[in-house]
Amino acid sequence: MSRAGEFEIIARYFAPLAAAAPGALGLNDDAALVTPRDGFDLVVTNDALVEGVHFRADDPARDVARKALRVNLSDLAAMGAVPRVYNLALALAPRIDDVWLADFAAGLGDDQARFGVALIGGDTVATPGPVTIAVTAIGEVSAGKALTRSGARPGDRVFVSGTVGDAGAGLALLEGRASAPVPDRDSLVGRYRLPEPRSTLGPALVGLAHAAIDVSDGLLADLGHVCAVSGCAATLQLDAVPRSPAAGRCAGFAALDALSAGDDYELLFAAPPMASQAIAAAAARCGVAVTEIGRIAAGEGVHLVDAEGRPVAVGRTGYQHF
Ligand code: ADP
Ligand code: MG
(Lines give C-alpha, C1' and ligand atoms only; values in the text may rest on other atoms or scores of the structure.)
(Ligands and ions follow the chains in the order given, each with its own letter.)
Protein backbone atom coordinates (compact mmCIF):
# COMPACT_ATOMS: atom_id res chain seq x y z
CA MET A 1 0.00 0.00 0.00
CA SER A 2 1.25 3.46 -0.73
CA ARG A 3 0.20 6.68 0.87
CA ALA A 4 1.69 10.12 0.50
CA GLY A 5 2.83 12.03 3.61
CA GLU A 6 0.64 14.67 5.27
CA PHE A 7 1.97 17.66 3.33
CA GLU A 8 1.94 15.77 0.04
CA ILE A 9 -1.66 14.74 0.68
CA ILE A 10 -2.67 18.35 1.24
CA ALA A 11 -0.80 19.63 -1.82
CA ARG A 12 -1.82 16.85 -4.17
CA TYR A 13 -5.44 16.16 -3.24
CA PHE A 14 -6.77 19.18 -1.38
CA ALA A 15 -5.01 22.32 -2.68
CA PRO A 16 -6.67 21.92 -6.12
CA LEU A 17 -10.07 21.94 -4.39
CA ALA A 18 -9.18 25.27 -2.75
CA ALA A 19 -7.91 27.00 -5.90
CA ALA A 20 -11.16 28.92 -6.51
CA ALA A 21 -11.36 30.37 -2.98
CA PRO A 22 -8.94 33.28 -2.43
CA GLY A 23 -9.58 33.07 1.35
CA ALA A 24 -8.06 29.58 1.37
CA LEU A 25 -4.63 31.19 0.78
CA GLY A 26 -3.66 28.14 -1.27
CA LEU A 27 -3.86 25.96 1.87
CA ASN A 28 -0.41 27.34 2.65
CA ASP A 29 -1.28 29.31 5.76
CA ASP A 30 -2.39 28.67 9.34
CA ALA A 31 -6.05 29.46 8.73
CA ALA A 32 -8.46 30.73 6.10
CA LEU A 33 -10.22 34.07 5.64
CA VAL A 34 -13.98 34.38 5.22
CA THR A 35 -15.55 37.74 4.40
CA PRO A 36 -19.33 37.97 4.74
CA ARG A 37 -21.08 40.13 2.17
CA ASP A 38 -22.83 43.27 3.46
CA GLY A 39 -26.30 42.49 4.75
CA PHE A 40 -25.70 38.76 5.23
CA ASP A 41 -25.20 36.52 8.25
CA LEU A 42 -22.72 33.68 8.04
CA VAL A 43 -24.26 30.33 8.96
CA VAL A 44 -21.78 27.76 10.29
CA THR A 45 -22.36 24.06 10.82
CA ASN A 46 -20.26 20.97 11.53
CA ASP A 47 -21.09 17.30 11.07
CA ALA A 48 -18.74 14.34 11.45
CA LEU A 49 -18.98 10.94 9.77
CA VAL A 50 -17.40 7.94 11.49
CA GLU A 51 -16.64 4.68 9.72
CA GLY A 52 -18.82 1.91 11.09
CA VAL A 53 -21.40 4.42 12.34
CA HIS A 54 -22.31 6.71 9.43
CA PHE A 55 -20.76 4.81 6.57
CA ARG A 56 -19.33 1.38 5.98
CA ALA A 57 -15.66 0.64 5.37
CA ASP A 58 -16.44 -0.79 1.93
CA ASP A 59 -18.54 2.19 0.76
CA PRO A 60 -16.93 3.91 -2.25
CA ALA A 61 -14.66 6.77 -1.07
CA ARG A 62 -16.21 9.04 -3.66
CA ASP A 63 -19.66 8.64 -2.08
CA VAL A 64 -18.32 8.92 1.47
CA ALA A 65 -16.74 12.27 0.57
CA ARG A 66 -19.91 13.54 -1.01
CA LYS A 67 -22.03 12.36 1.92
CA ALA A 68 -19.72 14.14 4.38
CA LEU A 69 -20.16 17.37 2.46
CA ARG A 70 -23.85 16.92 1.72
CA VAL A 71 -25.02 16.32 5.29
CA ASN A 72 -23.50 19.70 6.12
CA LEU A 73 -25.08 21.38 3.09
CA SER A 74 -28.39 19.96 4.31
CA ASP A 75 -27.96 21.74 7.66
CA LEU A 76 -27.27 24.99 5.81
CA ALA A 77 -30.39 24.45 3.67
CA ALA A 78 -32.45 23.91 6.83
CA MET A 79 -31.29 27.34 8.00
CA GLY A 80 -32.22 28.90 4.65
CA ALA A 81 -28.55 29.53 3.82
CA VAL A 82 -26.80 29.38 0.46
CA PRO A 83 -23.58 27.29 0.85
CA ARG A 84 -20.23 29.01 0.18
CA VAL A 85 -17.13 27.30 1.63
CA TYR A 86 -16.13 24.39 3.87
CA ASN A 87 -13.36 23.06 6.08
CA LEU A 88 -12.34 19.41 6.22
CA ALA A 89 -10.80 17.47 9.13
CA LEU A 90 -9.68 13.97 8.23
CA ALA A 91 -8.50 11.21 10.54
CA LEU A 92 -7.09 8.49 8.28
CA ALA A 93 -6.83 4.83 9.28
CA PRO A 94 -3.77 2.80 8.17
CA ARG A 95 -5.77 1.09 5.37
CA ILE A 96 -6.31 4.40 3.54
CA ASP A 97 -4.08 4.57 0.46
CA ASP A 98 -3.59 6.94 -2.48
CA VAL A 99 -6.33 5.25 -4.51
CA TRP A 100 -8.86 5.93 -1.73
CA LEU A 101 -7.64 9.53 -1.31
CA ALA A 102 -7.81 10.25 -5.05
CA ASP A 103 -11.34 8.87 -5.19
CA PHE A 104 -12.31 10.84 -2.06
CA ALA A 105 -10.96 14.10 -3.52
CA ALA A 106 -12.70 13.43 -6.85
CA GLY A 107 -16.02 13.07 -5.01
CA LEU A 108 -15.47 16.41 -3.29
CA GLY A 109 -14.59 18.00 -6.64
CA ASP A 110 -17.82 16.73 -8.21
CA ASP A 111 -19.98 18.14 -5.45
CA GLN A 112 -18.08 21.42 -5.26
CA ALA A 113 -19.08 22.02 -8.88
CA ARG A 114 -22.61 20.85 -8.27
CA PHE A 115 -23.31 22.95 -5.18
CA GLY A 116 -21.04 25.93 -5.84
CA VAL A 117 -18.77 25.52 -2.81
CA ALA A 118 -14.99 25.49 -2.31
CA LEU A 119 -12.61 23.99 0.25
CA ILE A 120 -10.81 26.58 2.40
CA GLY A 121 -8.83 24.52 4.93
CA GLY A 122 -8.78 21.62 7.30
CA ASP A 123 -6.59 19.19 9.15
CA THR A 124 -5.15 15.79 8.27
CA VAL A 125 -4.11 13.29 10.94
CA ALA A 126 -3.48 9.57 11.23
CA THR A 127 -5.53 7.40 13.55
CA PRO A 128 -5.36 3.74 14.66
CA GLY A 129 -9.16 3.84 14.86
CA PRO A 130 -11.96 4.21 12.32
CA VAL A 131 -11.77 6.79 9.52
CA THR A 132 -13.39 10.02 10.71
CA ILE A 133 -14.38 12.88 8.45
CA ALA A 134 -15.53 16.18 9.93
CA VAL A 135 -16.74 18.96 7.68
CA THR A 136 -17.49 22.51 8.76
CA ALA A 137 -19.62 24.28 6.16
CA ILE A 138 -20.28 28.00 5.94
CA GLY A 139 -23.18 29.59 4.12
CA GLU A 140 -24.91 32.93 3.85
CA VAL A 141 -28.43 34.11 4.59
CA SER A 142 -29.89 37.65 4.61
CA ALA A 143 -29.12 39.17 8.01
CA GLY A 144 -31.70 38.19 10.62
CA LYS A 145 -33.63 35.97 8.20
CA ALA A 146 -32.22 32.50 8.97
CA LEU A 147 -34.82 29.75 9.34
CA THR A 148 -34.68 28.33 12.85
CA ARG A 149 -36.45 25.47 14.64
CA SER A 150 -38.16 27.77 17.11
CA GLY A 151 -40.66 29.75 15.02
CA ALA A 152 -43.53 27.27 14.52
CA ARG A 153 -46.94 28.58 15.70
CA PRO A 154 -50.39 27.05 16.23
CA GLY A 155 -52.25 27.12 12.92
CA ASP A 156 -49.11 26.53 10.83
CA ARG A 157 -49.14 23.73 8.30
CA VAL A 158 -46.33 21.16 8.34
CA PHE A 159 -44.59 20.35 5.05
CA VAL A 160 -41.88 17.95 3.96
CA SER A 161 -39.82 17.87 0.76
CA GLY A 162 -39.22 14.80 -1.40
CA THR A 163 -40.11 11.36 -0.04
CA VAL A 164 -39.64 9.96 3.46
CA GLY A 165 -38.00 6.65 4.44
CA ASP A 166 -35.98 5.89 1.31
CA ALA A 167 -32.62 6.10 3.08
CA GLY A 168 -33.93 4.04 5.99
CA ALA A 169 -35.15 1.39 3.57
CA GLY A 170 -31.73 1.46 1.87
CA LEU A 171 -29.97 0.87 5.18
CA ALA A 172 -32.42 -1.93 6.07
CA LEU A 173 -31.60 -3.55 2.71
CA LEU A 174 -27.85 -3.26 3.32
CA GLU A 175 -28.27 -4.80 6.76
CA GLY A 176 -30.44 -7.65 5.47
CA ARG A 177 -33.52 -6.52 7.45
CA ALA A 178 -35.56 -5.94 4.29
CA SER A 179 -35.70 -7.10 0.69
CA ALA A 180 -36.57 -5.50 -2.65
CA PRO A 181 -36.16 -6.13 -6.39
CA VAL A 182 -32.77 -5.07 -7.80
CA PRO A 183 -33.69 -1.70 -9.37
CA ASP A 184 -35.53 -0.62 -6.19
CA ARG A 185 -32.66 -1.85 -4.06
CA ASP A 186 -30.17 0.21 -6.07
CA SER A 187 -32.21 3.38 -5.83
CA LEU A 188 -32.92 3.01 -2.08
CA VAL A 189 -29.33 2.12 -1.18
CA GLY A 190 -28.29 5.09 -3.33
CA ARG A 191 -30.53 7.37 -1.26
CA TYR A 192 -28.82 6.11 1.92
CA ARG A 193 -25.29 6.44 0.56
CA LEU A 194 -25.81 9.79 -1.09
CA PRO A 195 -28.42 12.17 0.26
CA GLU A 196 -29.68 15.08 -1.83
CA PRO A 197 -29.41 18.29 0.21
CA ARG A 198 -32.24 20.69 -0.62
CA SER A 199 -29.80 23.53 -1.22
CA THR A 200 -32.05 25.59 -3.49
CA LEU A 201 -35.34 24.93 -1.68
CA GLY A 202 -33.97 25.96 1.74
CA PRO A 203 -33.03 29.52 0.72
CA ALA A 204 -36.30 29.79 -1.26
CA LEU A 205 -38.24 29.23 1.99
CA VAL A 206 -36.72 32.29 3.68
CA GLY A 207 -39.60 34.67 4.41
CA LEU A 208 -42.18 31.88 3.88
CA ALA A 209 -41.48 29.25 6.54
CA HIS A 210 -41.75 29.99 10.26
CA ALA A 211 -39.47 27.09 11.24
CA ALA A 212 -37.39 24.44 9.47
CA ILE A 213 -35.21 21.41 10.19
CA ASP A 214 -33.60 18.77 8.01
CA VAL A 215 -34.71 15.19 8.59
CA SER A 216 -31.60 13.39 9.80
CA ASP A 217 -32.86 11.55 12.91
CA GLY A 218 -36.31 10.57 11.60
CA LEU A 219 -39.47 12.47 10.69
CA LEU A 220 -41.19 11.98 14.07
CA ALA A 221 -38.08 12.77 16.08
CA ASP A 222 -37.21 15.84 14.02
CA LEU A 223 -40.76 17.19 14.12
CA GLY A 224 -40.54 16.60 17.87
CA HIS A 225 -37.42 18.80 18.00
CA VAL A 226 -39.29 21.61 16.23
CA CYS A 227 -42.27 21.29 18.60
CA ALA A 228 -40.06 21.23 21.68
CA VAL A 229 -38.16 24.42 20.86
CA SER A 230 -41.21 26.17 19.36
CA GLY A 231 -43.30 25.32 22.45
CA CYS A 232 -46.16 23.73 20.54
CA ALA A 233 -47.63 20.41 19.36
CA ALA A 234 -47.97 18.83 15.93
CA THR A 235 -50.45 16.45 14.37
CA LEU A 236 -48.90 14.29 11.68
CA GLN A 237 -51.17 12.53 9.20
CA LEU A 238 -49.68 9.11 8.47
CA ASP A 239 -51.35 8.68 5.07
CA ALA A 240 -50.19 12.09 3.86
CA VAL A 241 -46.48 11.32 4.36
CA PRO A 242 -44.97 10.97 0.87
CA ARG A 243 -43.26 7.64 0.19
CA SER A 244 -41.47 6.60 -2.96
CA PRO A 245 -42.88 3.68 -4.97
CA ALA A 246 -39.56 1.85 -4.38
CA ALA A 247 -39.88 2.17 -0.58
CA GLY A 248 -43.50 1.04 -0.85
CA ARG A 249 -42.38 -2.18 -2.59
CA CYS A 250 -39.66 -2.88 -0.02
CA ALA A 251 -40.62 -5.97 2.03
CA GLY A 252 -39.82 -5.72 5.73
CA PHE A 253 -39.92 -1.92 5.80
CA ALA A 254 -43.36 -0.53 6.72
CA ALA A 255 -44.87 2.94 6.53
CA LEU A 256 -44.31 3.37 10.27
CA ASP A 257 -40.64 2.40 9.89
CA ALA A 258 -40.25 5.27 7.43
CA LEU A 259 -41.32 7.76 10.10
CA SER A 260 -38.54 6.81 12.50
CA ALA A 261 -35.78 6.15 9.94
CA GLY A 262 -33.07 8.77 9.62
CA ASP A 263 -30.74 9.88 6.85
CA ASP A 264 -33.34 11.24 4.39
CA TYR A 265 -32.08 14.83 4.62
CA GLU A 266 -35.37 16.21 3.39
CA LEU A 267 -36.56 19.58 4.68
CA LEU A 268 -39.36 19.55 7.25
CA PHE A 269 -40.90 22.95 7.86
CA ALA A 270 -43.84 24.84 9.31
CA ALA A 271 -45.50 27.72 7.50
CA PRO A 272 -48.74 29.69 7.78
CA PRO A 273 -51.64 28.62 5.52
CA MET A 274 -51.37 31.86 3.54
CA ALA A 275 -47.86 30.86 2.39
CA SER A 276 -49.09 27.63 0.75
CA GLN A 277 -49.23 28.98 -2.80
CA ALA A 278 -45.83 30.65 -2.61
CA ILE A 279 -44.38 27.42 -1.19
CA ALA A 280 -45.82 25.40 -4.07
CA ALA A 281 -44.33 27.91 -6.53
CA ALA A 282 -40.92 27.76 -4.81
CA ALA A 283 -41.01 23.95 -4.85
CA ALA A 284 -41.82 23.93 -8.56
CA ARG A 285 -39.00 26.41 -9.30
CA CYS A 286 -36.56 24.21 -7.35
CA GLY A 287 -37.80 20.99 -8.95
CA VAL A 288 -38.54 19.41 -5.55
CA ALA A 289 -41.88 17.98 -4.43
CA VAL A 290 -43.30 19.52 -1.25
CA THR A 291 -46.19 17.84 0.57
CA GLU A 292 -48.40 19.07 3.41
CA ILE A 293 -48.37 16.37 6.10
CA GLY A 294 -49.77 17.92 9.26
CA ARG A 295 -50.58 20.88 11.46
CA ILE A 296 -49.08 22.75 14.37
CA ALA A 297 -51.34 23.25 17.40
CA ALA A 298 -51.12 24.48 20.98
CA GLY A 299 -49.81 21.89 23.43
CA GLU A 300 -46.80 19.61 23.19
CA GLY A 301 -45.52 16.51 21.41
CA VAL A 302 -46.16 14.91 18.03
CA HIS A 303 -49.47 13.13 17.54
CA LEU A 304 -49.68 10.66 14.68
CA VAL A 305 -53.16 10.16 13.24
CA ASP A 306 -54.75 8.07 10.48
CA ALA A 307 -56.95 9.37 7.65
CA GLU A 308 -59.95 9.52 10.01
CA GLY A 309 -58.01 11.45 12.61
CA ARG A 310 -57.69 8.48 14.99
CA PRO A 311 -54.45 8.23 16.97
CA VAL A 312 -51.82 5.77 15.68
CA ALA A 313 -49.46 4.24 18.24
CA VAL A 314 -45.75 4.90 17.65
CA GLY A 315 -42.81 2.96 19.06
CA ARG A 316 -39.34 4.20 18.25
CA THR A 317 -39.21 7.81 16.99
CA GLY A 318 -35.69 8.11 15.64
CA TYR A 319 -31.97 7.51 15.89
CA GLN A 320 -30.05 8.46 19.01
CA HIS A 321 -26.31 8.19 19.41
CA PHE A 322 -26.28 7.96 23.22
P1 ADP B 1 -1.08 23.52 11.30
O2 ADP B 1 -0.08 22.54 11.72
O3 ADP B 1 -0.68 24.93 11.46
O4 ADP B 1 -2.45 23.23 11.82
P5 ADP B 1 -1.44 22.03 8.94
O6 ADP B 1 -0.14 21.49 8.52
O7 ADP B 1 -2.37 21.15 9.70
O8 ADP B 1 -1.17 23.37 9.73
O9 ADP B 1 -2.22 22.56 7.68
C10 ADP B 1 -1.57 23.31 6.70
C11 ADP B 1 -2.58 23.86 5.76
O12 ADP B 1 -3.24 22.80 5.09
C13 ADP B 1 -3.67 24.67 6.45
O14 ADP B 1 -4.00 25.76 5.60
C15 ADP B 1 -4.82 23.71 6.54
O16 ADP B 1 -6.06 24.42 6.52
C17 ADP B 1 -4.63 22.88 5.29
N18 ADP B 1 -5.16 21.51 5.43
C19 ADP B 1 -4.71 20.50 6.19
N20 ADP B 1 -5.46 19.39 6.04
C21 ADP B 1 -6.44 19.71 5.19
C22 ADP B 1 -7.55 19.00 4.66
N23 ADP B 1 -7.85 17.74 5.00
N24 ADP B 1 -8.36 19.66 3.80
C25 ADP B 1 -8.11 20.93 3.47
N26 ADP B 1 -7.08 21.65 3.92
C27 ADP B 1 -6.26 21.06 4.79
MG1 MG C 1 -3.23 21.39 11.62
Side-chain angles (χ1 to χ4, degrees), residues 1-37 42-77 79 81-140 193-195 197 199 265:
M1 182 185 93
S2 98
R3 178 161 115 197
E6 179 192 344
F7 298 111
E8 243 182 297
I9 289 176
I10 296 166
R12 189 188 300 170
Y13 301 110
F14 298 125
L17 298 172
L25 307 174
L27 300 188
N28 284 314
D29 225 302
D30 294 308
L33 304 173
V34 182
T35 311
R37 289 184 297 161
L42 291 180
V43 179
V44 183
T45 186
N46 178 290
D47 252 326
L49 260 54
V50 179
E51 176 187 317
V53 181
H54 304 93
F55 65 94
R56 296 146 55 98
D58 58 353
D59 284 345
R62 199 183 196 90
D63 288 350
V64 173
R66 295 201 285 173
K67 183 166 187 172
L69 184 54
R70 288 178 179 207
V71 296
N72 281 276
L73 299 185
S74 178
D75 279 324
L76 293 181
M79 300 293 291
V82 174
R84 297 285 180 221
V85 293
Y86 68 100
N87 236 51
L88 172 69
L90 268 181
L92 300 175
R95 72 173 174 87
I96 298 302
D97 58 9
D98 279 318
V99 173
W100 192 95
L101 284 166
D103 203 32
F104 184 85
L108 291 177
D110 286 351
D111 270 3
Q112 287 194 189
R114 184 176 173 136
F115 296 102
V117 294
L119 182 63
I120 56 165
D123 202 13
T124 307
V125 298
T127 175
V131 172
T132 303
I133 304 153
V135 169
T136 300
I138 302 177
E140 284 179 342
R193 285 211 174 123
L194 205 55
S199 294
Y265 297 98

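Indexing begins at 1, ligand by ligand and atom by atom, following the structure's order.
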Original post:
Taking the minimum heavy-atom distance to atom 22 (C) of ligand 1, which of N28, L88, V125 ranks first?
Top reply: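 Of the listed residues, L88 has the closest heavy atom.
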**OP:** Report the member of V135, D29, T124, L27 with the shortest heavy-atom distance to atom 23 (N) of ligand 1.
**Re:**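 Minimum heavy-atom distance to atom 23 (N) of ligand 1 goes to T124.
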With heavy-atom distances below 4.0 Å as the criterion, list the atoms of ligand 1 near [X].
| X | result |
| --- | --- |
| E6 | 6 (O), 7 (O) |
| F7 | 6 (O) |
| G121 | 16 (O), 24 (N), 25 (C), 26 (N), 27 (C) |
| D30 | 3 (O) |

Between the side chain of [X] and the main-chain N/O of [Y], is any donor-acceptor distance below 3.5 Å?
| X | Y | result |
| --- | --- | --- |
| N72 | D47 | yes |
| D59 | R56 | yes |
| D111 | R114 | no |

Original post:
How far apart are the C-alpha atoms of F104 and L88, what are their side-chain angles, what is the distance that settles it, and do they pass the side-chain contact (heavy atoms from CB on, under 4.5 Å) test?
Top reply: CA-CA 12 Å; F104 184 85; L88 172 69; 4.1 Å; yes
Original post:
Would one find an N or O of I10, backbone or side chain, under 3.5 Å from an N or O of ligand 1?
Top reply: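 Looking only at distances, the answer is no, because the N/O contact criterion of under 3.5 Å is not met.
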**OP:** Could you point out which residue of L194, L108, D103 forms a side-chain contact (heavy atoms from CB on, under 4.5 Å) with R62?
**Re:**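 Passing option: D103.
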Subject >> Lys/Arg N to Asp/Glu carboxylate O, D98 vs R12, below 4.0 Å >> reply: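 Answer for the salt bridge query: yes.
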